[in-house]
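What's counted below: heavy atoms across the whole structure, side chains too, no hydrogens, waters or symmetry copies.
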Amino acid sequence: MLFEPRSGRLAAWGNALLAGLVSPDEASMSIVGEDAVHRVEGLPGEPGPVGLTLALGRMRALGVTGLRVALPAPGHPLGLSGPPEFNARALDAEEAVVAVGAAVGLVPEVAEAGPSGDVHTSVIWHCLPVREAPPADVPSLGEAERELTEALREATAALTRLDVAGSGPVADAALSAYRARAEAGREVLAPGYPPRAVRVLALAQRVDLLVSLAYEHGPGGAVAASEMAARAEALRPVERVARRALVAAYNAPVEERERGR
């Protein structure tokens, strides 16, 4: 139930590979995760789709020095820099990866096949031209952490007033599973990420989990249309803050390097 976008895994392990901290095979396996296969289509110099290992090597040869995440939503082009064609495709997928050092970006297209209980997921990353410009609305790690803390406090108070399901057996079970996974030492980011980025990512995922619970598990007392609207109004800015924090965490190595120039 944790929000771990594929673009985040690609950027995190791609950055670790570009920094020489992991092998190409380790990076590729970590990016694929539980999916069946990932391939990249549209890479300059490649006539057809290629595997991740080859694609990451090709991107390094193109001059890519880092990877950023974009998590856009309607009215909020978070992490994007254009052109409109790339932005539209990224918005449709709700995520993308933007390269640093070469004017290319990657947008995932996810396909599932197979019967229930034995579904195989494949991903094609479409490589497209991007505009080399600062990404939209990406905060620093410090800003993201402060925003998350404040948003979590405000959302908890608002949802409590609205009697929205933020507690009870379902919520308790989901939060317990989250804590167990975190305490088991799951590597939420790749090698080379600063501890603050790991902390911000974990907090953003927890906030996202609480928002999902509020939307998905019972309306509590919010049964009237006006109350449902009030719940959505309370959650919308929290979702925005969580997405901004996720992007800040995944982009941390690139942003730190750029600030250090």
Side-chain angles (χ1 to χ4, degrees), residues 3-18 27-28 30-113 120-138 189-190 201 204 208 239-240 242-244 246-251 253-255:
F3 182 44
E4 188 177 27
R6 289 179 173 86
S7 57
R9 291 206 306 267
L10 176 57
W13 288 93
N15 283 328
L17 174 63
L18 292 168
S28 295
S30 299
I31 293 165
V32 172
E34 297 179 359
D35 296 334
V37 64
H38 284 216
R39 297 181 69 77
V40 180
E41 178 270 335
L43 270 173
E46 295 294 339
V50 299
L52 267 180
T53 303
L54 177 58
L56 290 169
R58 173 68 70 184
M59 291 179 71
R60 194 207 300 263
L62 290 171
V64 173
T65 58
L67 299 171
R68 287 188 172 108
V69 169
L71 297 177
H76 189 205
L78 176 61
L80 297 176
S81 57
E85 296 80 5
F86 181 82
N87 287 5
R89 194 148 191 171
L91 181 59
D92 186 57
E94 298 183 342
E95 61 177 309
V97 172
V98 179
V100 178
V104 295
L106 301 169
V107 180
E109 180 182 350
V110 181
E112 295 183 342
H120 296 270
T121 302
S122 60
V123 180
I124 290 287
W125 292 91
H126 296 278
C127 185
L128 303 163
V130 299
R131 182 181 299 138
E132 293 186 280
D137 198 35
V138 177
L189 283 171
L201 180 64
D208 183 77
E239 291 178 290
R240 186 184 182 105
R243 284 189 299 108
R244 276 168 49 86
L246 286 165
V247 170
Y250 284 120
N251 295 0
V254 174
E255 301 300 336

So, for Val40 and Ala55, which heavy atoms are closest and what is the spacing to 0.1 Å?
-> CG2-CB, 3.5 Å
When every non-hydrogen atom of Pro74 is compared with those of Leu91, the smallest separation belongs to N-CD1, 3.6 Å
Taking C-beta and beyond as the side chain, do Leu18 and Met59 meet within less than 4.5 Å on heavy atoms?
-> no
Evaluate the side-chain proximity of Phe86 to Val98: yes if any heavy-atom separation is below 4.5 Å, no if none is.
-> yes
Considering all heavy atoms, the nearest Pro47-Gly45 contact | CD-O, 4.0 Å
Sequence-distant partners of Ser30, side-chain hydrogen bond (donor to acceptor under 3.5 Å, both in side chains), two or more places apart | none
Nearest atoms (heavy-atom pairs only) where Val107 meets Ala96 | CG2-CB, 4.0 Å
What distance do Arg39 atom CZ and Ile124 atom CD1 have between them, rounded to the nearest 0.5 Å?
-> 6.5 Å
Results of side-chain contact (heavy atoms from CB on, under 4.5 Å) for Val32 - residues two or more places apart only | Asp35, His38, Leu52
Checking Glu95 side chain against Arg6 main chain: does a donor-acceptor pair fall under 3.5 Å?
-> yes
Side-chain touch Leu106/Leu67, heavy atoms, less than 4.5 angstrom = no
Heavy atoms only: give me the nearest Ala204-Ala242 pair and the separation to one decimal.
-> CB-O, 3.9 Å
Is the closest side-chain heavy-atom distance between Leu246 and Val69 below 4.5 Å?
-> no
Residue pair Leu62 / Pro44, side-chain heavy-atom distance below 4.5 Å = yes
State which residues pass side-chain hydrogen bond (donor to acceptor under 3.5 Å, both in side chains) with Arg89; sequence neighbours excluded, sorted by chain then number.
-> His126
For Ser122, all residues meeting side-chain hydrogen bond (donor to acceptor under 3.5 Å, both in side chains), sequence neighbours excluded | none
What's the shortest heavy-atom distance between Glu4 and Tyr250, and which atoms?
-> CG-OH, 3.9 Å
May I ask you to decide if Ala11's main-chain N or O and Asn15's side chain share a donor-acceptor pair within less than 3.5 Å?
-> yes
Sorted by chain and residue number, the side-chain hydrogen bond (donor to acceptor under 3.5 Å, both in side chains) partners of Glu46 (sequence neighbours excluded) come out as Arg58
How about Leu56 and Ser28: do any of their side-chain heavy atoms sit closer than 4.5 Å?
-> yes
When the side chains of residues 76-85 are checked against the rest of the protein, which donor-acceptor pairs come out under 3.5 Å, sequence neighbours left out?
{"unit_1": "His76", "atom_1": "ND1", "unit_2": "Arg243", "atom_2": "NH2", "d": "2.9"}
{"unit_1": "His76", "atom_1": "NE2", "unit_2": "Asp137", "atom_2": "OD2", "d": "2.5"}
{"unit_1": "Ser81", "atom_1": "OG", "unit_2": "Arg131", "atom_2": "O", "d": "2.8"}

